[in-house]
Amino acid sequence: MDAETKAETGTASEGEVPALFLSRVARWYPQREGRLEILKSVDFAVWPGEIVALVAPSGTGKSTLLHVAGLLERPDDGEVYVGGEPTAHMDDAGRTRLRREEIGFVYQFHHLLPEFSALENVVMPQIIRGLRKAEARERARELLAFLGLADRLSHRPAELSGGEQQRVALARAVANAPRVLLADEPTGNLDPQTSAHVFQTLVSLVRASGLAAVIATHNHELARRMDRCVSIRDGRVVELALPPAGA
Ligand SMILES: Nc1ncnc2c1ncn2[C@@H]1O[C@H](COP(=O)(O)OP(=O)(O)O)[C@@H](O)[C@H]1O
Ligand SMILES: [Mg+2]
């Protein structure tokens, strides 16, 4: 089955299941007159090991889409499947558990805990999930070393550069080995060179761990390096062919 058919149906041969699948997802905000429809009918599948760039102008619904996909918000209609598991019927506790186990989120601003070290920030979600402290610390050390931060473990966020803070946020997001990584303009706040570096690190990490990733970005140059680009048009997710570099 080709990628397009897979994206449309969210099913594949050989029992393969999308890491993430949004089916006819709608999200709107009530207005005085009618609704402000942001997502009208989103069908969107992301497969294990795939990195997808989400490139769309500001205000088109990228954050809304990622929040719904990440179970941070409920859709007003449609269904979100994580690893083939439908989520609409779940109560908030069930969704929180699933999010903790299966989804990593990186924001434009790092949202690290300011009073805690880089290491502790990456240990924390693992402890919440129920891992023993020694194991959590070992995993955090490995991840931070992979991201080039082996000599920054005891630094607090304020003692790190913007790029370093985002790499710690990245380590935190994947600390529990999620199935899906969602990143909302993760380098939008960084200078171009730092942005490229964080990006490269992100891609290496995703490649090494085989998780699925959706990365919202305005940066076409970086988006081109991903497996696939999509956009949001008229409240739907559409495939996007970016013009070649320099065009
Ligand atoms: N709580 C809300 N109430 C009403 N409108 C909202 C709310 N949150 C977002 N919006 C609107 O939804 C649209 C999409 O927002 P967003 O998903 O943040 O876009 P993007 O991330 O692509 O910039 C915007 O026009 C925004 O004004
Ligand atoms: Mg946004």
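Just follow the structure's listing: the first ligand is 1, and inside any ligand the first atom is 1. Keep in mind that what you see is a predicted model, and the values were worked out from it rather than measured.
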Q: Measure across Val17 and Gly83 and return the closest heavy-atom pair with its distance rounded to 0.1 Å.
A: CG1-C, 3.5 Å
Q) Of all heavy-atom pairs between Val42 and Leu65, which one has the smallest distance, and what is that distance? A) CG1-CD1, 3.9 Å
Run the salt-bridge test on [X] and [Y] with the 4.0 Å N-O cut-off and return the result as yes or no.
| X | Y | answer |
| --- | --- | --- |
| Arg156 | Glu159 | no |
| Glu135 | Arg139 | no |
| Lys40 | Asp76 | no |

Q. Rounded to the nearest 0.5 Å, how far apart are CZ of Arg24 and CZ of Arg236?
A. 9.5 Å
Q. Once you round to the nearest 0.5 Å, how far does CG of Leu112 lie from CG of Leu160?
A. 8.0 Å
Q: Have a look around the Mg ion (ligand 2) and list protein N/O/S atoms under 2.8 Å, or say none.
A: Ser63 OG
Q. So which protein heavy atom does atom 10 (N) of ligand 1 come closest to, and at what separation?
A. Tyr29 CE1, 3.3 Å
Q. In terms of residue, atom name and distance, what is the protein heavy atom nearest to atom 18 (O) of ligand 1?
A. Ser63 CB, 3.7 Å
Q. Out of Leu65, Ile232, Thr64, Leu39, whose heavy atom sits nearest atom 16 (P) of ligand 1?
A. Thr64
Q: Look at atom 25 (O) of ligand 1 and find which of Ala56, Ser58, Gly59, Ala216 reaches it with the closest heavy atom.
A: Gly59
Q.
I want to know if ligand 1 touches Ile38 in the polar sense, i.e. an N/O pair below 3.5 angstrom.
A. no
Q. So, is Glu185 polar-close to ligand 1, with some N/O to N/O distance under 3.5 Å?
A. no
Q. Is atom 27 (O) of ligand 1 in close reach of the protein, with a heavy atom under 4.0 Å away?
A. no
Q | Within 6.0 angstrom of Gln31 CD, more than 12 heavy atoms from elsewhere | A | yes
Q.
Can you confirm whether Arg129 is buried at CZ, in the sense that more than 12 heavy atoms of other residues, nucleotides or ligands lie under 6.0 Å from that atom?
A. yes
Q: Tell me which part of Pro57 gets within contact of ligand 1: side chain, backbone, both or neither, using heavy atoms under 4.0 Å.
A: backbone
Q.
If we ignore hydrogens and angles and just use 3.5 Å, is the side chain of Thr187 paired with the main-chain N or O of Leu190 as donor and acceptor?
A. no
Q. By number and element, which atoms of ligand 1 are closer than 4.0 Å to a non-hydrogen atom of Gly61?
A. 14 (C), 16 (P), 17 (O), 19 (O), 20 (P), 22 (O)
